[in-house]
Amino acid sequence: MTAASHVAAAAAPALERYEAVIGVEVHCQLRTASKMFCSCSTDYDRAPPNTHTCPVCLGLPGALPTINRRAVEHVLATGLAIDASIPAATRWDRKNYFYPDLPKGYQISQYDLPLASMGRLAFDTSDRPASVRITRAHLEEDTAKLIHGADPAGRPISLVDFNRSGTPLMEIVTEPDIRTGEQARRYAEELQLLLRAIGASDADMERGQLRVEANVSLRPPGTEAFGTRVEIKNMNSFRSVERAIASEIERQAELLDAGEKVVQETRGWDEDRGTTYRMRVKESSDDYRYFPEPDLPPLVVEPSWLEAIRAALPELPAARRARYRAALGLSAYDAAVLVADPDASALFESVLGADRELEAKAVATWVTGEYLGLRNRAASDAGPVAVEPADLAHLVRAVARGSLSRANAREVLVLHVATGESAAALIAAKGFRQISDADALAAVVGEVLAASPAAVADYRAGKLQAVGFLVGQVMKATRGQANAAIVQAAIRARLDGGGEG
Ligand SMILES: [Zn+2]
């Protein structure tokens, strides 16, 4: 290949020349009050280091573990939610390795009998729906945390905080079914939604409750054999999952284009530089010398226990999106935005529940637009943005009937959130009544056109967006009470009809 043709090939998107084969591994901290094998509290986020410890999670000799039932239930619920197989009985295994954050010298985990296996998760992508097979979900304990810093003299030191040691952790591994960075991001987002919906985890990536790793390799399209895979770590947001994988695909494609070999290694994602970097080269697979944990009995999953967990499962995100679309007629976009936000979908359902006559589409528009807008603009320390469902129902109904303009309804909603006053009281106090009377509006439109010669000239010169300014002036003159659609039609009719203005 000449230098010129190499440049041309490298400039083309890598996924036109190669197929990417991607598997994702997620570690998620389960939502439990106490740790996996002891009664230490898991509420250590703001606690001083090494204050949530006991002989069990410090790995002191002779200390014996006891199983956290709630943690097991979270994994079983996850397994049911992803349509996985659940074994009638399983056991615990020791995964042996030496590291300063692992005081026992082994981690209690599950090896060949995970609590859930052969599941599946479906999600949407920008071009089509996708589905990923999930190899397994198993339960294990988290490690302690190493903090690397410097002592007062500036010498590098490493400290260990055992508060996290022994926290229940679920590992969820996919088959290599993923083909793009976007699919990997969407998979992780859907998994987060699912874990939150069933209450298994808060799954906050920024707080390390959801950690995503990916294995990436390339192969020529249409071939079966896997290429050399590279493991990517340190992706601390959904956006970085997508970017890191896309960047790694390009890096490997350039190597293969140049006739070089991809090295089997672990690479970290550098968010600022937008590239992956080498962390360590793996020459052989790790040998953890797994063996059954002698300090814990086998775990029997009674059918009645499993059925109770299944019965307690809430409506899952995918089912809820499907219901919003099929039964309520929402667009795929509105359904996705509502279901992605538990507060928004709760408000949406409550408003519909408060008035069965309301059009679901109109309610969805108010919740995804105005409510989420208010919440996103609210200061994070100002407390929740509280909207009474009955009051939002009142506003949506008034706008639908034409007795309140959309602009005034927005203003009332803002006041309702700020003061807690009812929508009806605020509308009465403000004296809001939508003006839809064409004759009454014609007079105001005439005044505004006379007072805005520049905008009128712009419109006549072909700048049609000048209409927006003129409508705004009429809304201002009527304190937002004019029916904007009627005003816009009236302005166009006057200006397009020629004559005055
Ligand atoms: Zn403990």
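These numbers come from a predicted model, not from an experiment.
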Exercise. So do the side chains of L115 and L299 get within less than 4.5 Å of each other, counting heavy atoms only?
Worked result: yes
For this session: Could you verify whether a donor N or O on one side chain and an acceptor N or O on the other, from S201 and Q29, lie under 3.5 Å apart?
Result: no
For this session: Flag yes if more than 12 heavy atoms outside D204 fall under 6.0 Å of its CG atom; otherwise flag no.
Result: yes
Exercise. Between T90 and Q110, is any side-chain donor less than 3.5 angstrom from a side-chain acceptor?
Worked result: yes
Exercise. Are E388 and S422 close enough, and set up right, to give a side-chain contact (heavy atoms from CB on, under 4.5 Å), and what steps lead you there?
Worked result: CA-CA 8 Å; E388 275 303 315; S422 77; over 6 Å; no
Problem set entry | Validation row: H416, L395 side chains within 4.5 angstrom (heavy atoms) | no
For this session: Assess whether atom CZ of R239 is packed by more than 12 heavy atoms of other residues, nucleotides or ligands within 6.0 Å.
Result: no
For this session: Determine yes or no for a side-chain-to-main-chain donor-acceptor pair under 3.5 angstrom, with Q481 supplying the side chain and R433 the backbone.
Result: yes
Exercise. If you measure from CG on L169 to CD on Q107, what distance do you get to the nearest 0.5 Å?
Worked result: 7.5 Å
Exercise. Salt bridge between E141 and K35, side-chain N to carboxylate O under 4.0 Å?
Worked result: no
Exercise. Side chains of Y44 and T167: does their closest heavy-atom pair fall under 4.5 Å?
Worked result: yes
For this session: Check for a donor-acceptor pair, side chain of R267 on one end and backbone N or O of I232 on the other, with a separation under 3.5 Å.
Result: no
Seminar exercise, completed: Note: T51 and N163 closest approach over all heavy atoms is N-OD1, 2.9 Å
For this session: Indicate yes or no for a side-chain donor-acceptor contact from R494 to the backbone of I491 under 3.5 Å, with no hydrogens or angles considered.
Result: no
Exercise. When you measure from the side chain of S109 to the backbone N and O of E140, does any donor-acceptor pair fall under 3.5 Å?
Worked result: no
For this session: Output yes when a side-chain donor or acceptor of R479 lies under 3.5 Å from a complementary backbone atom of K430, and no otherwise.
Result: yes
Problem set entry | Reported CG-to-CZ distance for the pair L296 and R91, which is rounded to 0.5 angstrom | 12.5 Å
Exercise. Under the side-chain contact (heavy atoms from CB on, under 4.5 Å) criterion, do D496 and Y459 qualify, and how do the steps go?
Worked result: CA-CA 9 Å; D496 293 344; Y459 182 85; 2.8 Å; yes
Exercise. What do the steps show when you test M36 against I67 for side-chain contact (heavy atoms from CB on, under 4.5 Å), and what is the final call?
Worked result: CA-CA 6 Å; M36 188 60 230; I67 301 167; 4.1 Å; yes
Problem set entry | Closest non-hydrogen atom pair between R186 and D124, with its separation | CD-O, 3.3 Å
Exercise. When you check the gap from the basic side-chain N to the acidic O, do R243 and E271 get nearer than 4.0 Å?
Worked result: yes
Exercise. Can you check side-chain contact (heavy atoms from CB on, under 4.5 Å) on I134 and Y187, steps first, answer last?
Worked result: CA-CA 11 Å; I134 295 176; Y187 163 76; 3.9 Å; yes
Exercise. Does E175 offer a backbone N or O that forms a donor-acceptor pair with the side chain of T135 under 3.5 Å?
Worked result: yes
For this session: Give, for atom CG of L113 and atom CH2 of W92, the distance between the pair rounded to the nearest 0.5 Å.
Result: 12.0 Å
Problem set entry | Check: D341 and V367 side chains under 4.5 Å, non-hydrogen atoms | no
Exercise. Is there a donor-acceptor contact under 3.5 Å linking the side chains of W305 and E73?
Worked result: yes
Exercise. If we only count heavy atoms from C-beta on, is the H27 to E25 side-chain gap below 4.5 Å?
Worked result: yes
Problem set entry | Partner of E190 by salt bridge (charged side-chain N to carboxylate O under 4.0 Å, His left out), out of R321, R196, R185 | R321
Exercise. If you look at every heavy atom in L210 and C28, which pair is closest and at what distance?
Worked result: CD1-CB, 3.9 Å
Exercise. With a 4.5 Å limit on heavy-atom distance, are the side chains of W366 and V351 in contact?
Worked result: no
Exercise. Minimum heavy-atom separation for T42 to T32, with atom names?
Worked result: OG1-O, 2.6 Å
Problem set entry | Short side-chain to backbone donor-acceptor contact, Q183 and I178, under 3.5 Å | no
Exercise. Between H394 and A424, which heavy-atom pair has the shortest distance, and what is it?
Worked result: CE1-CB, 3.8 Å
Exercise. Does a side-chain N-to-carboxylate-O contact under 4.0 Å join K145 and D161?
Worked result: no
Problem set entry | Under 3.5 Å: donor-acceptor pair, side chain of N68, backbone of S34 | yes
For this session: Decide yes or no for I435 and V444: does some side-chain heavy atom of the first lie under 4.5 Å from some side-chain heavy atom of the second?
Result: no
Problem set entry | Distance-only polar pair, side chains of S131 and R120, donor-acceptor under 3.5 Å | yes
Exercise. Has the side chain of T478 got a donor or acceptor atom that lies under 3.5 Å from a matching backbone atom of M475?
Worked result: yes
For this session: Output the distance between atom CE (M170) and atom NE2 (H138), rounded to the nearest 0.5 Å.
Result: 10.5 Å
Problem set entry | Nearest-0.5 Å distance, CG of residue L372 to CZ of residue R377 | 10.5 Å
Exercise. Is there a donor in the side chain of E248 and an acceptor in the side chain of T276, or the other way round, less than 3.5 Å apart?
Worked result: yes
Exercise. Where is the tightest heavy-atom contact between G274 and S247, given as atom of each residue plus distance?
Worked result: O-OG, 3.7 Å
For this session: For S452 and Q473, run side chain to side chain donor-acceptor pair (under 3.5 Å): C-alpha distance rounded to whole Å, both residues' side-chain angles, the deciding distance at 0.1 Å, then the answer.
Result: CA-CA 9 Å; S452 318; Q473 293 302 106; 5.2 Å; no
Exercise. Applying the side-chain hydrogen bond (donor to acceptor under 3.5 Å, both in side chains) test to E370, which of R410, R375, R406 qualifies?
Worked result: R410
Exercise. Please walk me through it: do D202 and R207 pass salt bridge (Lys or Arg N to Asp or Glu O under 4.0 Å)?
Worked result: CA-CA 10 Å; D202 293 329; R207 291 167 63 197; 5.1 Å; no
Problem set entry | Interatomic spacing from CD1 in I309 to CG in L80 - rounded to 0.5 Å | 7.0 Å
Exercise. Is a donor on one side and an acceptor on the other found under 3.5 Å between the side chain of H52 and the backbone of D43?
Worked result: yes
Exercise. Is there a side-chain contact between V417 and V387, using heavy atoms and a 4.5 Å cut-off?
Worked result: yes
